[in-house]
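Have a look at the structure below, then the notes.
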Amino acid sequence: MNFDEFTGEVQHRLELPGTGETVRAIRATLMTLGQRIPDGAAEDLAASLPMEIRWYMTGAVDEHGQRFDWREFVSRVSEIEGNDPSEAAYHARVIVDLVRTQVPQSDFRQLRDQLPEDRRDENWEKLFEVVDAGGWGDAEEAQTGGGPQPENG
C-alpha cells in the first residue's frame, strides 16, 4: 500500500472531507504512538508502512518511550488533530486497525505488549477496540446491521 492508498483508505473509513484532515489524523495518531513506544519498536512497526507514513512514527518523534496513559494519548492526539477527544480517540482506533493490516502480526503483537492494560484505570485496550471487534469491516458492519437488507414484499 502506498501513501495515497493508505490516506485514501483512512479518509474513506473515517469519512473525512479532505486529504488535509486525513493526514492530520494519521500524523496525530502515529506521532503520539511513536512517542509512547520505544524507538526500536516504532521502527519495527513503521517499517511496513509507506515511507511518508513511517516518518510520523520515527522521524517526527523527538523522544520515544515516554510514559503516559491512554487518557494522555487521547489528549495529545486531540490537540495535534484539532478535534475533540472522543473524535480523536475514534480516529486513532480506526487508524491503528488499518496499521494492523499492513504490518507483520509479530510487530503488532509487540505494540500491544508494550501498552499496559490495567482494568483499574483508563487503559490502552481502548486503542484496540476496532481491532478486537474483528477489524474495521466487521465493526462497521456490526454498527450498521451489516450489508444489504432483504426487501419485504
Side-chain angles (χ1 to χ4, degrees), residues 1 3 5-140 142-143:
M1 187 174 273
F3 176 78
E5 293 166 333
F6 191 94
T7 56
E9 184 62 26
V10 170
Q11 185 173 355
H12 168 71
R13 290 180 180 199
L14 296 178
E15 299 178 356
L16 295 172
T19 305
E21 297 91 344
T22 304
V23 170
R24 197 166 29 260
I26 295 167
R27 179 174 56 92
T29 295
L30 296 184
M31 196 169 103
T32 306
L33 197 55
Q35 292 170 343
R36 177 60 178 81
I37 62 177
D39 184 30
E43 291 284 344
D44 290 347
L45 190 65
S48 300
L49 299 175
M51 178 181 60
E52 302 89 341
I53 303 296
R54 180 181 323 141
W55 186 82
Y56 297 135
M57 289 192 78
T58 58
V61 176
D62 291 331
E63 181 186 347
H64 292 278
Q66 297 175 37
R67 303 300 294 175
F68 53 84
D69 63 9
W70 164 250
R71 193 169 293 182
E72 176 64 17
F73 174 82
V74 170
S75 175
R76 290 181 185 201
V77 172
S78 173
E79 184 176 322
I80 294 168
E81 192 176 336
N83 257 327
D84 66 79
S86 62
E87 188 88 3
Y90 174 70
H91 290 176
R93 289 179 183 110
V94 171
I95 291 165
V96 165
D97 180 59
L98 180 58
V99 167
R100 176 193 55 86
T101 68
Q102 301 301 304
V103 303
Q105 188 176 4
S106 60
D107 291 341
F108 196 78
R109 170 57 44 203
Q110 181 183 28
L111 169 66
R112 288 194 81 149
D113 290 347
Q114 292 175 356
L115 300 173
E117 296 180 0
D118 184 347
R119 303 246 184 253
R120 295 172 296 165
D121 197 5
E122 289 287 322
N123 62 69
W124 289 99
E125 75 179 351
K126 293 175 187 259
L127 181 61
F128 303 104
E129 285 179 350
V130 173
V131 170
D132 293 342
W136 181 79
D138 290 341
E140 185 73 10
Q143 280 184 345

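Hydrogens, waters and symmetry mates are skipped; everything else that's a heavy atom, side chains included, is used.
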> How many angstroms lie between CD in Glu125 and CG in Leu115, if you round to the nearest 0.5 Å?
Replying inline: 12.0 Å

>> Give me the atom names and distance for the closest heavy-atom approach of Gln114 to Pro38.
In response: OE1-CD, 3.2 Å

> For the atom pair CG (Leu45) and CE (Met57), what is the distance rounded to the nearest 0.5 Å?
Replying inline: 4.5 Å

> Any chance CD of Glu79 has more than 12 other-residue heavy atoms, nucleotides or ligands included, within less than 6.0 Å?
Replying inline: no

> Just by distance, do the side chain of Asp44 and the backbone of Asp107 share a donor-acceptor pair under 3.5 Å?
Replying inline: no

> Given side chains that start at C-beta, do those of Arg76 and Arg36 come closer than 4.5 Å, heavy atoms only?
Replying inline: no

> Where do Ala46 and Thr58 come nearest, in terms of heavy atoms and distance?
Replying inline: CB-CG2, 4.1 Å

> Taking all non-hydrogen atoms of both residues, which atom of Pro85 and which atom of Ser78 are closest, and how far apart?
Replying inline: N-OG, 3.5 Å

>> Please report the interatomic distance CG(Leu14) to OH(Tyr90), rounded to the nearest 0.5 Å.
In response: 6.0 Å

> Side chains of Leu33 and Ile95: closer than 4.5 Å at any heavy-atom pair?
Replying inline: no

>> Measuring from atom CD of Glu15 to atom CZ of Arg13, what distance do you get when rounded to the nearest 0.5 angstrom?
In response: 12.5 Å

> Arg27 side chain to Tyr56 main-chain N or O, any donor-acceptor pair under 3.5 Å?
Replying inline: no

>> Do Ile26 and Thr7 have side chains that approach each other closer than 4.5 Å (heavy atoms only, starting at C-beta)?
In response: yes

> Do any N or O atoms from the side chain of His64 and from the backbone of Gly34 form a donor-acceptor pair under 3.5 angstrom?
Replying inline: yes

> Should Arg112 and Val131 count as side-chain neighbours, where that means a heavy-atom distance under 4.5 Å?
Replying inline: yes

>> Quick one, Trp136 and Arg100 - any side-chain contact, counting heavy atoms below 4.5 Å?
In response: no

> Can Val99 and Phe6 be said to form a side chain to side chain contact (heavy atoms under 4.5 Å, CB included), step by step?
Replying inline: CA-CA 9 Å; Val99 167; Phe6 191 94; 4.1 Å; yes

>> Let me confirm one number: the CD-CG distance from Gln35 to Asp62, rounded to the nearest 0.5 Å.
In response: 8.0 Å

> If only atom types and distance count, is the side chain of Glu81 paired as donor or acceptor with the main-chain N or O of Arg24 below 3.5 Å?
Replying inline: no

> Going by the angle between their ring planes, with limits at 30° and 60°, are Trp124 and Trp70 parallel, tilted or perpendicular?
Replying inline: perpendicular

> Counting heavy atoms not belonging to Gln105, are there more than 12 under 6.0 Å from its CD?
Replying inline: no

> Quick one: does Arg93's side chain have a donor or acceptor within less than 3.5 Å of a partner on Lys126's backbone?
Replying inline: yes

> Within a strict 4.5 Å, meaning less than it, do heavy atoms of the Val103 and Leu49 side chains meet?
Replying inline: yes

>> Please check: side-chain N/O of Thr32 versus main-chain N/O of Ala28, any donor-acceptor pairing under 3.5 Å?
In response: yes

> Are the side chains of Phe3 and Val23 in touch, meaning some heavy atoms are under 4.5 Å apart?
Replying inline: yes

> Roughly how far, to the nearest 0.5 Å, is the OG1 atom of Thr22 from the NE2 atom of His91?
Replying inline: 8.5 Å

> Between Glu21 (side chain) and Gly18 (backbone), is there a donor-acceptor pair under 3.5 Å?
Replying inline: yes

> Which heavy atom in Ala25 sits nearest to a heavy atom in Leu16, and how many Å separate them?
Replying inline: CB-CD1, 4.4 Å

